[in-house]
Amino acid sequence: MGFEVLFKGKNMVRLLQGLGVALQISLISVAISIVLGLILGMLMSLKKPFINLVSRVYLEIVRIMPQMVLLFIVFFGYTKLTGRNISAESSSLIVFSFWGTAEMADLVRGCMAGIPKIQYESSRALGLSRLQTYIYVIIPQIVRRLLPLSINLITRMIKTTSLIMMIGIVEVLKVGQQIIEANRKSSPHAAFGVFATIFLLYFIACWPISCLAKYLEKKLA
Amino acid sequence: MDTRVLQEYLPIFAEAFLLTVKIGLAGVALAFVIGILGAFIRYFKLPLLSEAVKGYVELFRNTPLLVQLFFIYYGLPVMGIRISAEICGIVGLGLLGGSYMTESIRSGLEAVPVIQTESALSLGMTRSQTFLSVILPQAFSLSVPALVANVIFLLKETSVFSAISLMDLMFTAKDLIGLYYNTTESLFLLVVFYTVMLLPVSFVGSIAEKRSRFKMFGD
């Protein structure tokens, strides 16, 4: 079946290290996205015409442009434009943060819009100041709705970062290909075993996070 | 930007565009078929099948398309299952999309309040009448936003097909950049063609979302 190749030498460790590279890039991007997304999302709910226009264009670009295309634009376009080299790692961080920020901002905006107007009015009637309204009434509710959604963003980010192999980062798929190439003669079925393992590794990385998001959604709703 | 280069590249990109659209649409169609079947199986809680569908949905929703394609295109042939790159792309997109569609349609079906079923039954409608003319239309309205998002997501995912050597837009762009270093022109055409492909879908999608929401309020 081709699984035996994984137990040769350090092959399994190398595969896991490859997954580690992908996970590292996704977690850094997620962290940046959540912070920037929160800020942008709140700016968007201020309903200022200029911010609205800019953010709508931004969100639409992210909505319709495949991440792969954005990755190419940054990776190849930046070099062409400035004549300087940009590493594949930095371009993927830029692109995935750009994408994640838009996704996060949209989630925040959606949650803010979902808070009924009566919540603000009731707080006013109770004599709370604007700041107090946000701290004690609005933000706790937003956090409850936002938490499962932003955890879901992590799994989507992990899945999306599998694209980094296409701009030459040596991550789990690339390592898999190398292992298959190196053992072409001794185990011709390696392709099946290695890719099935990578399939499973991604599942093991994402599934618990999805389950956590689902659990929180039920519990906090 | 060199307009001569653009003119020269346009037909090459147009051809790649057609291939991308063809595979994208076939994949989305397959995804809808799988999604509808899967959602019905889950909704009616068919024994065993329901569990199988659940497993399938979890497996494909939690893995990237690129990994799925590598497994289907490079992994299966060594075990004797050989399929062409195009079929592989359609099947991969269909399986990924099917898992997302199953979830969206199922949650639409489950979001219809139970009282709707009870009222329909008490009016003397049969089970199948209730499902077809009461539950299904409302469930459809409810799942439109998710379905639109899925279609856009799937069409965007076609950009990874270059990994299994399909001559799609990404592949063409990468090839031309590598061969002639006309980076600006290639990237420009890449963006133009993806915009042509997805902006109308996004636009029609927002209209569909508004229409279906209106329908919900009207009933």
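Owing to the predicted nature of the structure, the values given are computational and were not obtained by experimental measurement. Naming convention: chains lettered A, B, ... in sequence-line order (proteins, then strands); numbering from 1 in each chain.
- Neither the backbone nor the side chain of V201(B) comes within contact range of chain A; no heavy atoms are under 4.5 Å apart.
- Residues L16(A) and L201(A) have side chains in contact (heavy-atom distance under 4.5 Å, counting atoms from C-beta outward).
- Looking at F153(B), there are no atoms closer than 4.5 Å to chain A (heavy atoms on both sides), in backbone or side chain.
- Each of A205(A), S210(A), C206(A), G77(A) has some count of heavy-atom pairs under 4.5 Å with chain B, and the biggest count is that of C206(A).
- Here CG of N11(A) is found 10.5 Å from CD1 of I180(A). Values are rounded to the nearest 0.5 Å.
- Proximity to chain A (any heavy atom under 4.5 Å) is shown, for L59(B), by both the backbone and the side chain.
- Contact of L173(A) with chain B is made through the side chain alone, with heavy-atom distances under 4.5 Å.
- Looking at F98(A) and L70(A), their side chains come closer than 4.5 Å, going by heavy atoms from C-beta outward.
- Highest contact tally toward chain A, considering only I177(B), T158(B), L169(B), is held by I177(B) [criterion: heavy-atom pairs under 4.5 Å].
- Atom CZ of F72(A) sits about 13.5 Å away from atom CD of Q67(A), to the nearest 0.5 Å.
- Looking at S29(A), S97(A), S150(A) one by one, the single match for side chain to side chain contact (heavy atoms under 4.5 Å, CB included) with I34(A) turns out to be S150(A).
- Ranking S162(B), A163(B), S159(B) against chain A, the residue ahead of the rest is S159(B), based on heavy-atom pairs under 4.5 Å.
- The side-chain tip of R84(A) does not point at the ring of Y78(A) from less than 6.0 angstrom away and within 45° of straight on.
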